[in-house]
Amino acid sequence: MQKSFSLPKESRIKKITKEMFGWHSFVVVEGVKVFYNKNKTGKCSVLVMIPKSVVSCATRRNMLRRRAKEVFRLNANRDKSADYLIKFNKFTEKFEESLVSFFKNV
């Protein structure tokens, strides 16, 4: 049986709401902020937001989004059920290491 390396569909959030910006927030590294809120579904889910004004090239935005989701998939604590919104305010090169330490300590 083949192992799946993708983020499961139940771990994805599809829409951004205004309430998400009222969640608890944590600045991971300058330019990257994580908003999080506990939920009662028993599953962790994530949404990555990279505005076009921050990274104008679409392929670069998609690559950053994939890298952030991969960090979440590998390091998020599955025992705690929470929703996460990762928001980029500016591009930073070494954001993965900071996200890894954030998801391991949450």
Student: Between L47 and V54, is there shared hydrophobic-cluster membership here, with clusters defined by ILVMFWY side-chain heavy atoms closer than 4.5 Å?
Tutor: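 Different clusters.
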Student: Let me check something: do V46 and M63 share a hydrophobic cluster, defined by ILVMFWY side-chain heavy atoms less than 4.5 Å apart, either directly or through other members?
Tutor: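 Result: yes, single cluster for both.
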Student: Check for me, please, whether V55 and L99 land in the same ILVMFWY cluster - side-chain distances under 4.5 Å, paths through other members count.
Tutor: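 Yes, because V55 and L99 connect within a single hydrophobic cluster, where side-chain heavy atoms sit under 4.5 Å apart.
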Student: Do R61 side-chain atoms and S56 backbone N/O form a donor-acceptor pair below 3.5 Å?
Tutor: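 Such a contact is found between R61 side chain and S56 backbone.
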Student: Taking side chain as C-beta onward, heavy atoms only, is S81 less than 4.5 Å from K43?
Tutor: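 They are not in contact (no side-chain heavy atoms under 4.5 Å apart), so the answer is no.
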Student: Considering only NZ, NE, NH1 and NH2 on the basic side and carboxylate oxygens on the acidic side, decide whether R73 and E70 come within less than 4.0 Å.
Tutor: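 Looking at R73 and E70, the cut-off is met.
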Student: Same hydrophobic cluster for V28 and I50, using side-chain heavy-atom links shorter than 4.5 Å among ILVMFWY?
Tutor: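 Yes: a chain of side-chain contacts under 4.5 Å links V28 to I50.
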Student: Using a 4.5 Å cut-off on heavy atoms from C-beta on, say whether the side chain of Y84 contacts that of W23.
Tutor: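 Side chain of W23 against side chain of Y84, heavy atoms only: no contact under 4.5 Å found.
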Student: Would you say the ring centroid of F35 lies under 6.0 angstrom from that of F21?
Tutor: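 Ring centres of F21 and F35 closer than 6.0 Å.
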Student: Kindly give the heavy-atom pair with the smallest separation between F91 and E93, and that separation in Å.
Tutor: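 Closest pair (atom of F91, atom of E93, distance): CE2-OE2, 3.0 Å.
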Student: Classify the side-chain pair N39/D83 by whether it contains a donor and acceptor separated by less than 3.5 Å.
Tutor: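 Per modelled atom types, N39 and D83 side chains form a pair under 3.5 Å.
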Student: Determine whether K80 and K38 satisfy the following criterion, side chain to side chain contact (heavy atoms under 4.5 Å, CB included), listing intermediate values before the conclusion.
Tutor: CA-CA 8 Å; K80 296 181 181 179; K38 294 182 181 177; over 6 Å; no
Student: Fit a plane to each ring of F102 and F26, take the angle between them on a 0 to 90° scale, and name the class: parallel (under 30°), tilted (30 to 60°) or perpendicular (over 60°).
Tutor: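 If you compare the ring of F102 with that of F26, the planes turn out parallel.
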Student: Are V71 and L85 linked, directly or through other ILVMFWY residues, by side chains that come within less than 4.5 angstrom of each other?
Tutor: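 No, V71 does not connect to L85 through the hydrophobic network.
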